[in-house]
Each structure stands twice: as C-alpha cells, then as structure tokens.
Amino acid sequence: GDAGITFTGAGTMTASSLTLVADPSDDVGDAVLTGAGATITISGAVAITDTDTTGDNGYAVITSSGTLGIGGDLTIADGGDDDATGIASSGTVVFNGTAAQTITLTDNTEADYSDFEDLQISNSHASGVIFANYPFVDGTLTVDADSLLDADTNNVEINVTGVTTISGTVTVGTADPVVGATVTIASGGALTCNTTDAWTPGQTIIINGTLTWNCVTELVLATLVVGS
C-alpha cells in the first residue's frame with residue numbers, strides 16, 4: 001500500500017539522506033514525501049525510484065510548496081511508465097551542497113527532463129552542480145554568487161519558462177544555452193557558451209557581468225542590454 005509523510009506549516013524537516021521507492025507490484029504502492037509550506041533539508045543524496053514500466057502501479061514523488069534543499073546528488077530513476085515519479089514542486093528547490101552535485105534522471109520513454117518550479121543553485125564547490133539531463137524550470141532559475149551550474153560536461157539544454165538570474169557561473173555545451181523569458185547576468189556573474197548550434201530563443205539578455213561566446217554560429221535575441 002501507500003507510504004508517505006506530510007509536513008505542514010512553517011516547520012523544518014532535516015535528514016542526512018532520502019530514498020523513496022515505489023512498489024511496482026502494488027497499484028497503490030506510492031512513496032510520497034509532502035512539504036506543505038514547510039522547509040525540507042536533505043544534506044546528502046536523494047534517490048527517487050520507480051521500476052514500474054506499465055504505468056499501472058505506484059510512483060515515488062516529492063511534492064513541496066515550500067523550500068526543498070538538497071545537499072547531495074539527486075537521482076530520479078523512472079521505469080518509463082510516464083507517471084508522477086520525481087519532484088512535483090510548486091516551491092523552490094535549492095541545490096546547496098559543499099561538494100560537487102550531480103543531477104540525474106533516468107526515464108526509459110520520456111525526454112530525460114528534471115522538472116522544477118523555481119530552481120536555485122547555491123553550491124560553491126569548484127565543480128558545482130552538474131546536470132546529466134535537461135533541467136526544465138517552470139518558474140525562475142537563480143544561480144547564486146560563487147556557484148556553478150554545469151550544463152557543458154553532459155551537453156544538456158537549460159529550459160526556463162521564467163526569468164534567469166546568474167550571479168555565479170553557468171557553462172553550456174553544444175546543446176542550446178539558457179532558454180527562457182529574460183536572462184540577467186549580474187555583476188560578477190558569467191555565462192560561458194561553447195555551443196556549435198545557433199542560439200535563437202528571441203529572448204532578452206541583460207549583461208552586467210560576462211558573456212563568453214565560444215560559438216561558431218549565430219546569436220539571435222529579442223533585446224540585448226549591456227551595463228544597465
């Protein structure tokens with residue numbers, strides 16, 4: 001049957017690691033952690049696993065409307081049944097480790113996206129936060145000062161619906177760079193692009209920091225503002 005825990009109000013839950021595993025043999029075998037406005041802090045690794053390939057049985061999910069802080073690696077292993085396995089956040093997910101963090105989604109049928117509402121990168125390790133799969137952010141993306149978001153190592157596209165603010169560093173490879181409404185590179189921030197593809201999102205980019213364009217094709221933007 002289902003297994004779950006719910007935190008409500010302004011309280012705080014802290015754990016050294018978290019593992020959620022759905023029962024593939026049980027049609028109600030869900031494993032759920034819910035933070036209803038609470039702050040959940042996992043200092044170590046988070047593993048969310050669903051081995052069901054049929055879509056008929058349980059799923060494993062974190063739902064959070066507050067702040068979910070993760071200090072270790074995040075691994076979402078979905079059997080490919082197109083269910084709710086993963087993070088269903090309407091709040092903010094913060095990757096705040098002191099060592100390098102790798103974010104991995106394994107999905108046998110879908111497009112290998114890691115989905116978030118608001119995403120904050122707050123990791124000052126030299127290797128930062130490394131995405132193994134495409135991060136899809138429905139809200140805002142914030143990269144704090146002295147923090148690194150690495151989308152270059154595994155050549156992933158960063159998809160953002162809302163505003164992106166880069167006070168630290170973002171590196172992107174041959175996939176498309178940051179796609180979203182507005183990208184602001186704050187003073188002291190840096191976006192380094194090593195793509196061989198054209199960047200044509202038609203968005204606004206505001207540069208008060210550094211944009212390094214190691215690309216061989218075109219850059220097409222709606223608006224470019226430098227030094228505002």
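As the structure is a prediction and not an experimental result, all values here were calculated from the model. All residue numbers refer to positions in the sequence shown, counting from 1. We use all heavy atoms of the structure for the numbers below, so side chains are in, but hydrogens, waters and symmetry mates are not.
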- Task: Applying side-chain contact (heavy atoms from CB on, under 4.5 Å), run through T92 and F116 and close with a yes or a no.
- Result: CA-CA 8 Å; T92 301; F116 307 95; over 6 Å; no
- Message: I158 vs F131, test: side-chain contact (heavy atoms from CB on, under 4.5 Å). Steps then yes/no.
- Response: CA-CA 9 Å; I158 305 172; F131 279 86; over 6 Å; no
- Determine, step by step, whether T164 and V137 satisfy the side-chain contact (heavy atoms from CB on, under 4.5 Å) criterion, reporting the C-alpha distance in whole Å, the side-chain angles of both residues, the deciding distance to 0.1 Å, and the verdict. CA-CA 10 Å; T164 295; V137 182; over 6 Å; no
Atom pair [atom1]/[atom2] of [X] and [Y] - distance to nearest 0.5 Å:
{"X": "I42", "Y": "I40", "atom1": "CD1", "atom2": "CD1", "answer": "6.5 Å"}
{"X": "S167", "Y": "N208", "atom1": "OG", "atom2": "CG", "answer": "10.0 Å"}
{"X": "D138", "Y": "L119", "atom1": "CG", "atom2": "CG", "answer": "11.0 Å"}
{"X": "I130", "Y": "T171", "atom1": "CD1", "atom2": "OG1", "answer": "9.0 Å"}
{"X": "T192", "Y": "D152", "atom1": "OG1", "atom2": "CG", "answer": "8.5 Å"}

Mind checking what makes side-chain contact (heavy atoms from CB on, under 4.5 Å) contact with [X], not counting sequence neighbours?
{"X": "A190", "value": "T169, T210"}
{"X": "T41", "value": "T14, T39"}
{"X": "S17", "value": "none"}
{"X": "A99", "value": "none"}

Which heavy-atom pair separates [X] from [Y] by the least distance, and what is that distance?
{"X": "S43", "Y": "S16", "result": "OG-CA, 3.3 Å"}
{"X": "V160", "Y": "G139", "result": "CG1-O, 3.6 Å"}
{"X": "N154", "Y": "A132", "result": "ND2-CA, 3.6 Å"}
{"X": "Q101", "Y": "G71", "result": "NE2-C, 3.4 Å"}
{"X": "P135", "Y": "V156", "result": "CD-CG2, 4.2 Å"}

- Hydrophobic cluster identity match, L148 and I103, side-chain contacts under 4.5 Å: no
- Message: Would you say I121 ends up clustered with V46 if hydrophobic residues are merged whenever their side chains have heavy atoms under 4.5 Å apart, either directly or through other cluster members?
- Response: yes
If the condition is side-chain hydrogen bond (donor to acceptor under 3.5 Å, both in side chains), which residues does [X] pass it with, not counting sequence neighbours?
{"X": "S122", "result": "D144"}
{"X": "D118", "result": "T140"}
{"X": "N96", "result": "none"}
{"X": "E117", "result": "none"}

- Task: Any chance you could lay out the side-chain contact (heavy atoms from CB on, under 4.5 Å) test for T104 and D73, step after step, and finish with the verdict?
- Result: CA-CA 8 Å; T104 304; D73 295 341; over 6 Å; no
- Message: Using the side-chain contact (heavy atoms from CB on, under 4.5 Å) definition, which of the options N159, L149, T165 pairs with L141?
- Response: L149
- Testing V226, L211, T182 for side-chain contact (heavy atoms from CB on, under 4.5 Å) with I205, which one passes? L211
